[in-house]
Amino acid sequence: MSQPAIDERLLEGLNPRQREAVLYRGPSLLIVAGAGSGKTSVLTRRIASLLASGEASPLQILAITFTNKAANEMRERVQHLVGRATDGMWISTFHSACVRILRRQAEVMGMKAGFTIYDSADSRALIKRIVKELDADTLNLTPGIVAGKISKQKNELVDVETYARNLNTDDPAEVAFLEIYRRYTAGLRRANALDFDDLIAETVHLFRAFPEVAALYQRRFRHVLVDEYQDTNHAQYALIRELTRPIKPQHVPDDTRTLTAPDGSLPGASLTVVGDSDQSIYAFRGADIRNIVEFERDYPNTKTVLLEQNYRSTQNILDAANAVISNNFDRLEKNLFTTVGAGHPIIGYTGYSGHDEAQFVADEISALHSAGTPYREIAVFYRTNSQTRPLEDVFIRSGLPYKIIGGTKFYERAEIKDVMAYLIQVANPADDLALRRILNTPKRGIGPATEAALQAHADKMGVALRDALGDAAQLELGPKVTRAILDLGELLDEAEAQHLAGGKAADILLTLLSGSGYLEALRATRDPQDEARIENVEELLSVTKEFAKNNPDAGLLEFLTEVALVAAADEIDDDSGSISLMTLHTAKGLEYDAVFLTGVEEDLLPHRISSGEPGGLAEERRLFYVGITRAKKRLFLSLSMQRSSFGDTSVAMPSRYLQEIPAGLIDWRQSPGDATSRGGTRPRALNARGYAGGPARGFSYSTELPPAPPRVKREWASEITGKVRDNGDLTLAEGDRIRHTDFGDGRVVAVTGVGTKSIAEVQFDTAGKKRLLIKIAPIEKL
DNA sequence: ATGTTGATACTTTTT
DNA sequence: GTATCAACAT
């Protein structure tokens with residue numbers, strides 16, 4: 001014990017297992033951390049204790065987290081714990097860490113440091129061109145399938161040559177795929193670009209091909225810690241493997257004092273991984289559960305610590321979670337427990353429609369909020385992004401503040417991609433894809449024919465498309481078009497000079513915007529949506545300014561890297577004061593006082609596609625488990641009797657996972673229409689055989705449970721009206737009587753907010769109390 | 001070269 | 001229901 005005083009403060013409030021996980025010292029440590037068992041706390045204190053005791057300097061630590069947000073939080077907490085700066089410590093995601101290494105080592109691997117990071121859409125666009133060139137979709141090789149296959153190969157570290165070596169040449173589809181893979185790889189290289197999967201795979205290849213480069217990082221990072229280890233894929237596994245390898249004597253510098261092995265080599269870095277195989281939900285992107293299951297085999301002499309005490313949820317919530325996950329066989333048995341007591345029962349609700357279900361969620365949220373739960377402590381989860389529609393619809397009408405995390409992101413909007421393409425092209429002139437996007441945006445009269453002429457010229461000269469711009473005069477195009485091309489080339493040159501002189505992203509963006517007339521072109525149109533687009537571009541401009549403020553030393557490349565690697569969960573603003581809506585996948589690692597798990601239906605959870613895949617049902621169950629265990633105090637499970645999926649509606653059945661939760665834990669509330677008309681008190685889902693007793697094996701809803709046809713439809717909110725109503729300047733005051741198309745008559749009990757945002761709280765005669773946004777609610781004053 | 005129309009196919013989850 | 005795409009008209 002070097003400094004017991006400091007250690008004691010670091011261990012404050014930890015249970016014996018957690019202490020052990022913080023204090024253990026050895027080559028490898030596996031922390032099996034159940035949901036809510038305080039693993040982040042353990043990880044941060046472990047790092048803090050390494051620093052505080054002097055065992056490690058910040059420079060020697062590499063910690064990998066799942067999101068950038070988690071990385072920032074961990075850095076702050078470590079800083080707070082040790083009470084001094086942690087500069088030079090790497091806490092980041094796999095992808096961010098790899099980009100840092102690759103930008104630094106780009107020349108070694110024959111690339112330029114300004115390489116572009118292609119997102120899935122960019123990869124898709126490139127693949128699409130190649131598939132078209134080869135007419136490969138006739139062989140069932142659509143861009144989507146090809147993208148998935150290439151991603152899979154890269155995650156398995158199978159590069160083009162390796163793939164070619166093991167190819168079955170009798171299969172024409174395989175041969176065609178190889179050619180696509182080959183051209184895709186060549187295309188990326190020509191554009192000085194890497195896709196998401198390359199970031200990891202290329203770093204591994206770099207380390208393997210250049211041991212002296214690998215040794216640089218092996219010497220530096222003496223302590224490697226990896227969070228969410230159950231979701232690592234093979235490439236990530238290999239990366240960690242390379243980083244923690246012993247360093248050969250020839251790569252050990254003479255001045256190193258820590259030589260221990262007799263042969264002069266330096267032992268590998270100490271490795272700590274934290275994970276929970278029950279929360280592995282990324283098999284579809286190559287996550288291999290075996291990485292954690294077989295960790296002890298891979299790293300001999302591993303110490304394993306099991307954390308089972310849960311500090312997050314009530315016992316009722318944990319009982320439900322334990323019951324569900326115990327249906328997965330072949331798993332390490334663990335049972336979460338807590339000391340906080342049973343808590344509230346889980347609330348269940350079956351709606352007539354997705355809209356009805358959303359109304360239930362909104363009503364319960366209003367009630368929770370009135371009772372004191374802040375909006376930021378409430379989250380709504382769903383399996384697929386398309387489920388947000390009815391939720392948004394109802395939330396807007398109810399005046400509830402919400403934020404959709406992930407989904408169609410800001411950076412996926414066309415105008416943002418346009419402007420980003422300008423910046424990318426400046427940072428990486430070899431990127432033809434980016435240039436093609438902006439060639440005629442805004443309109444300059446450069447159509448397909450002109451583009452083809454430029455491309456042909458570039459190909460003939462063996463240069464990038466960008467270099468062809470300056471030769472426009474030789475191409476015998478019209479004088480107007482020629483001028484436009486030369487202007488664009490000069491603008492890009494000007495911005496590039498700015499970039500090379502160390503200019504900030506914000507300043508370069510200003511140059512590009514004013515020089516290209518992008519905003520003017522949007523202002524000139526009459527399309528009402530263009531106003532929003534202008535706002536978005538201006539928003540991007542303020543993002544660049546904000547970035548410059550937070551990162552004084554960072555230039556254009558750093559900005560582009562950050563933007564390329566934002567994860568959905570990074571968008572969460574802790575003090576925004578709004579309800580968070582997100583997919584179950586995005587929810588991993590987060591926690592909320594109250595959680596609404598919606599669409600707990602067959603074909604949605606489990607999703608119809610995954611139920612056919614090997615291991616799919618178990619993975620979907622883990623997803624359900626992840627959702628349940630996010631809840632601290634209140635859990636709401638809801639479903640609908642019918643679900644509209646692209647166009648028409650179809651009958652939905654309760655999820656098979658619902659019957660895995662002991663009946664006594666769920667307090668089922670019916671759809672109100674169901675209760676009055678049918679007279680029964682048992683909600684539909686509970687009428688299913690097997691609910692009252694133990695697990696019902698082989699039970700199928702589709703044959704046993706014909707859906708009750710929804711009656712008295714107009715009495716309950718059911719249809720999305722489609723168009724947004726506008727009540728103009730309708731004003732309401734306390735005491736007014738109103739009529740609502742869905743809820744009937746009611747009396748206004750309170751009015752809050754001003755202008756278009758004013759909200760009326762209405763006590764309906766039959767439908768209870770609701771909050772309505774006055775401007776757009778389907779109401780009239782009586 | 002560009003704008004409009006109509007047909008089509010796709011939606012699981014994400015760095 | 002929407003986003004993308006081909007065909008056609010200006």
Side-chain angles (χ1 to χ4, degrees), chain A residues 64-70 92-99 117-125 128 132 137 142-145 147-148 151 154-155 194-201 228 231-233 235-236 280-287 381-389 405-409 411-412 414 439-451 477-478 480-481 484 525 527 561-570 582-588 599 603-613 616 619-620 622-624 626-627 644-649 720 722:
Chain A
I64 302 288
T65 59
F66 213 64
T67 64
N68 299 300
K69 181 165 179 272
S92 70
T93 62
F94 270 108
H95 289 86
S96 303
C98 287
V99 171
I117 301 165
Y118 275 14
D119 66 17
S120 324
D122 299 329
S123 307
R124 217 49 175 270
K128 205 166 175 185
K132 213 167 184 176
D137 39 4
T142 64
I145 290 170
S151 174
K154 290 187 176 181
N155 286 333
L194 296 172
D195 66 22
F196 276 136
D197 301 313
D198 282 333
L199 297 179
I200 315 290
E228 306 285 10
D231 281 321
T232 51
N233 58 34
Q236 291 165 332
S280 164
I281 55 174
Y282 280 105
F284 71 91
R285 69 177 199 208
F381 301 154
Y382 36 81
R383 177 66 235 270
T384 67
N385 284 306
S386 60
Q387 286 167 253
T388 52
R389 274 186 139 285
I405 312 298
T408 347
K409 282 179 272 173
Y411 291 103
E412 281 165 16
L439 209 49
N440 199 28
T441 318
K443 302 268 178 291
R444 307 186 165 87
I446 305 176
T450 311
E451 183 189 319
L477 300 158
K480 248 167 119 180
V481 186
T525 66
D527 189 338
T561 302
E562 173 146 315
V563 169
L565 298 180
V566 282
D570 296 337
M582 68 190 85
T583 65
L584 284 164
H585 284 89
T586 305
K588 192 179 70 161
D603 290 350
L604 223 41
L605 185 68
H607 196 276
R608 92 160 353 127
I609 295 174
S610 27
S611 34
E613 292 165 353
E619 172 134 333
E620 296 283 306
R622 289 193 292 270
L623 205 45
F624 188 40
V626 165
S644 39
S645 60
F646 82 107
D648 44 16
T649 56
I720 301 171

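These numbers come from a predicted model, not from an experiment. Convention: sequence-line order gives letters A, B, ...; per-chain numbering from 1.
- Among residues two or more places apart in sequence or in another chain, the side-chain hydrogen bond (donor to acceptor under 3.5 Å, both in side chains) test is passed with A/Ser92 by none.
- Relative orientation of the A/Tyr282 and A/His585 rings is tilted, given thresholds of 30° and 60° on the angle between their planes.
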What do the steps show when you test A/His95 against A/Ile117 for side chain to side chain contact (heavy atoms under 4.5 Å, CB included), and what is the final call? CA-CA 10 Å; A/His95 289 86; A/Ile117 301 165; over 6 Å; no
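- For the pair A/Leu565/A/Leu199, a side-chain contact is recorded, criterion being any heavy-atom separation below 4.5 Å from C-beta on.
- Using atom C1' as the reference point in both C/dA6 and B/dT11, the two lie 22 Å apart (nearest Å).
- Residues forming a side-chain hydrogen bond (donor to acceptor under 3.5 Å, both in side chains) with A/Thr384 (at least two apart in sequence, or on another chain): A/Ser386, A/Gln387.
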How does each nucleotide of nucleotides 3-15 of chain B score, in 5' to 3' order, for protein heavy atoms under 4.0 Å: base (B), sugar-phosphate only (S), or none (-)? S------B-BBBB
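- Residues meeting the salt bridge (Lys or Arg N to Asp or Glu O under 4.0 Å) test with A/Glu620, sequence neighbours left out: A/Arg383.
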Output one line per pair: protein atom, nucleotide atom from nucleotides 3-10 of chain C, and distance, for all N/O pairs under 3.5 Å.
unit_1: C/dC5; atom_1: OP1; unit_2: A/Lys128; atom_2: NZ; d: 2.2

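- A/Thr583 pairs by the side-chain hydrogen bond (donor to acceptor under 3.5 Å, both in side chains) definition with A/Thr586, not counting sequence neighbours.
- At C/dG1, none of the side-chain N or O atoms of A/Ser644 fall inside 4.0 Å of OP1 or OP2 (strictly under the cut-off).
- In this structure, OG on A/Ser120 lies 8.0 Å from CD on A/Glu412, to the nearest 0.5 angstrom.
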